[in-house]
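Data first, discussion second: the structure below is written as structure tokens.
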Amino acid sequence: ALLDVASKEAQNPIEQFTEDWQARVNECVGNYLKENHTNLKALTGEQKREAVNRLYNHGLFNYRNAAAYIAEQLHISRATVYNYLKKDKE
């Protein structure tokens with residue numbers, strides 16, 4: 001019984017880690033929406049740019065496929081995500 005519990009907990013630590021950063025993205029986006037009293041469908045382009053930059057500043061682009069995941073969450077293309085980041089660095 002003890003071995004069953006241990007094997008379930010350590011089944012796939014990479015999956016758990018992946019879900020962790022994705023949960024952090026979701027939490028950060030949720031916090032942004034609450035602070036701005038809005039929802040995803042109502043976000044303007046400028047607000048999406050601000051959200052992308054906040055995620056960048058929180059280090060959430062340091063994960064593989066992060067840009068694609070963030071783009072999906074904000075209902076924009078991955079290219080738009082990179083354009084927002086590029087625009088802010090100029």
Next item on the list: Grab the two heavy atoms, one from Arg64 and one from Trp21, that are nearest each other, plus how far apart they are.
Entry: O-CZ2, 3.7 Å

Notebook entry, point to check: Between Gln47 and Ala42, what is the shortest heavy-atom contact and its length?
Noted result: OE1-O, 3.9 Å

Checklist line | Atom pair NZ/CG of Lys48 and Asn53 - distance to nearest 0.5 Å | finding: 14.5 Å

Item checked: Heavy-atom pair of closest approach, residues Phe61 and Tyr56 -> CD1-CA, 3.4 Å

Next item on the list: Could you grab the distance from atom CD of Glu35 to atom CD of Glu50, nearest 0.5 Å is fine?
Entry: 10.5 Å

Next item on the list: Given side chain to side chain contact (heavy atoms under 4.5 Å, CB included), test His58 with Glu27 step by step and report yes or no.
Entry: CA-CA 12 Å; His58 280 86; Glu27 181 182 359; over 6 Å; no

Next item on the list: Check Leu33 against Asn39 and note the closest heavy-atom contact, atom names and distance.
Entry: CD2-C, 3.7 Å

Notebook entry, point to check: Where is the tightest heavy-atom contact between Cys28 and Leu60, given as atom of each residue plus distance?
Noted result: CB-CD1, 4.4 Å

Check: Can any side-chain N or O of Tyr32 pair as donor or acceptor with the backbone N or O of Leu55 at less than 3.5 Å?
Finding: no

Notebook entry, point to check: Rounded to the nearest 0.5 Å, how far apart are CG of Leu43 and OG1 of Thr38?
Noted result: 5.0 Å

Next item on the list: Salt-bridge test for Glu46 and Arg49: reply yes if a basic N is under 4.0 Å from a carboxylate O, no otherwise.
Entry: yes

Next item on the list: Kindly state each residue pair satisfying side chain to side chain donor-acceptor pair (under 3.5 Å) with at least one member in residues 69-82, sequence neighbours excluded.
Entry: Asn26-Tyr69, Ser77-Thr80

Notebook entry, point to check: Can you tell me how far OH of Tyr84 sits from CG of Leu74, rounded to the nearest 0.5 angstrom?
Noted result: 8.5 Å

